[in-house]
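What follows is a set of notes on a single structure, which appears directly below.
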Amino acid sequence: MKLGVNIDHIAVLREARKINDPSPIDALGIVARAGADQITIHLREDRRHIHDEDAEQIVRLSPLPVNLECSIDEEIIEIVCRLRPHRATLVPERREEVTTEGGLDIFKYEDRTIAAIEKLHANEIEVSLFIDPDLETITRADALGAEWIELHTGSYANIHAMLHSNLPRTHHSVKALELPRHTLKTKLEESLETIRSAADHAATLGLRVAAGHGLNYRNVAEIVKIDAIEELNIGQSIIARSVFTGLKEAVEEMVNLLKR
Ligand code: PXP
């Protein structure tokens, strides 16, 4: 299982002071040496963490392939086309959200998604669609010509956190802690089965499958068992752990958990 490390939160820390420390650029070599396979960043429309200059330098200097997450906004897609990362992952974006909530609605935004995919392909950038683990959506993602999908694992991660309620919440929307344990266990199994069958369906169609959102050192093992998933993109939990262990150790620990 390959690991993409999302380094946005290094820029989040920098933005807390609006200075140039810590620099996400300094993470590139450390993440690569710790055995990760990819650098993932999100160039948000509101530039709340990664800025255009960061993205430009990361694409230019990263020893690992760069997966650039972005919205389907025309201006953003133009910037991504200029930057030419290895891959662009199209995600939904709402300014008021804390983090990406839910997958991209490729039915509602079909025309804009197609336009974005065409532009990215014309610039030799492979495309991934960050979508919910839903069979119909996956079939459409394939029809739209994406090479990859990334399955949103937030729902699984939330239920896992509810079941192990002594753990940190993975998402601010976790509020159903009063659900009985056996209900949560069933829900957790169901959410895993949804991800498993979504990944299998995508692989049968010939899509390459990544997954991410809310994955951490405690909930990742069950996802690693799903053979059709080739890659995980993980940010929050790795950067959070790195505050205590250092980035190299935090990445190495996750790389070890992803070994099959
Ligand atoms: N994948 C995508 C498409 C995302 O938008 C994010 C969050 O930026 C992640 C993975 C990483 O999620 P987390 O920070 O919860 O590990």
Side-chain angles (χ1 to χ4, degrees), residues 1-13 15 24 27 31 36-50 54-55 58 66-72 76 80 85 87-95 97-106 113 116 126-133 137 141 146 148-161 167-174 195 198-199 208-220 223-224 229-243 247 250-251 253-255 257-258:
M1 178 75 94
K2 290 192 170 170
L3 175 64
V5 178
N6 184 316
I7 60 170
D8 293 344
H9 288 316
I10 296 172
V12 168
L13 188 54
E15 292 308 301
V31 170
D37 304 283
Q38 172 170 269
I39 295 289
T40 295
I41 50 170
H42 186 173
L43 184 66
R44 290 188 66 98
E45 288 170 27
D46 60 12
R47 310 296 201 276
R48 72 168 72 145
H49 38 55
I50 294 291
D54 299 322
I58 289 166
V66 175
N67 170 30
L68 207 163
E69 299 171 3
C70 62
S71 75
I72 51 175
I76 289 281
V80 175
R87 189 192 311 164
T89 297
L90 302 181
V91 304
E93 225 178 86
R94 284 192 301 119
R95 291 198 179 215
E97 71 193 0
V98 177
T99 181
T100 319
E101 294 166 3
L104 180 65
D105 188 341
I106 58 175
T113 306
E126 66 176 13
V127 178
S128 180
L129 301 177
F130 184 51
I131 53 177
D132 290 325
T137 310
W148 286 80
I149 56 162
E150 179 169 337
L151 296 173
H152 195 304
T153 51
S155 180
Y156 159 75
N158 282 344
I159 299 166
H160 193 278
L167 301 180
R169 296 180 306 166
T170 61
H171 198 280
H172 66 289
S173 70
V174 175
I195 296 171
R208 302 187 71 183
V209 187
H213 215 283
L215 297 178
N216 59 39
Y217 296 84
R218 299 183 194 238
N219 67 19
V220 80
I223 301 293
V224 174
I229 300 179
E230 284 183 55
E231 169 196 297
L232 300 179
N233 288 297
I234 306 180
Q236 170 80 31
S237 62
I238 293 176
I239 304 303
R241 180 162 294 205
S242 76
V243 171
L247 185 57
V251 173
E253 273 184 66
M254 190 58 87
V255 166
L257 292 177
L258 266 55

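One is the number of the first residue; the rest follow in order along the sequence. In listed order, ligands and their atoms are each counted from 1.
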Practice problem: Using a 4.0 Å heavy-atom threshold (strictly under), name the region of E69 that reaches ligand 1: side chain, backbone, both or neither. | Solution: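 Near ligand 1, E69 shows its side chain, while the N, CA, C and O stay back.
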Using distance alone, determine whether [X] and ligand 1 share an N or O pair under 3.5 Å.
X: H9; value: no
X: E150; value: yes
X: F130; value: no

Practice problem: Measure from the side-chain N and O atoms of E93 to the backbone N and O of E45, and report whether any donor-acceptor pair falls under 3.5 Å. | Solution: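 Yes, because the side chain of E93 sits within donor-acceptor range (under 3.5 Å) of the backbone of E45.
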Quiz prompt | N/O donor-acceptor pair under 3.5 Å between Y156 side chain and L215 backbone | solution =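 Looks like no, no N/O pair under 3.5 Å.
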Practice problem: Identify the heavy atoms of G214 and N219 that sit nearest to each other, and give their distance. | Solution: O-ND2, 3.0 Å
Self-check item: Smallest separation among heavy atoms of V255 and A36, with atom names
Solution: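 Scanning both residues, the minimum pair turns out to be CG2-N, 4.0 Å.
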Hey, which atoms in ligand 1 end up nearer than 4.0 Å to a heavy atom of [X]?
X: N233; answer: 10 (C), 11 (C)
X: Q236; answer: 13 (P), 14 (O), 16 (O)
X: N6; answer: 8 (O)
X: V91; answer: 3 (C)

Quiz prompt | Whether G214 lies under 4.0 Å from ligand 1, heavy atom | solution = yes
Self-check item: Residues which pass side chain to side chain contact (heavy atoms under 4.5 Å, CB included) with E15, listed by chain and number, not counting sequence neighbours
Solution: K18, H51
Quiz prompt | Whether H213 and H152 hold their rings parallel, tilted or perpendicular, with breakpoints at 30° and 60° | solution = parallel
Self-check item: Salt bridge E231-R87, side-chain N to carboxylate O under 4.0 Å
Solution: yes
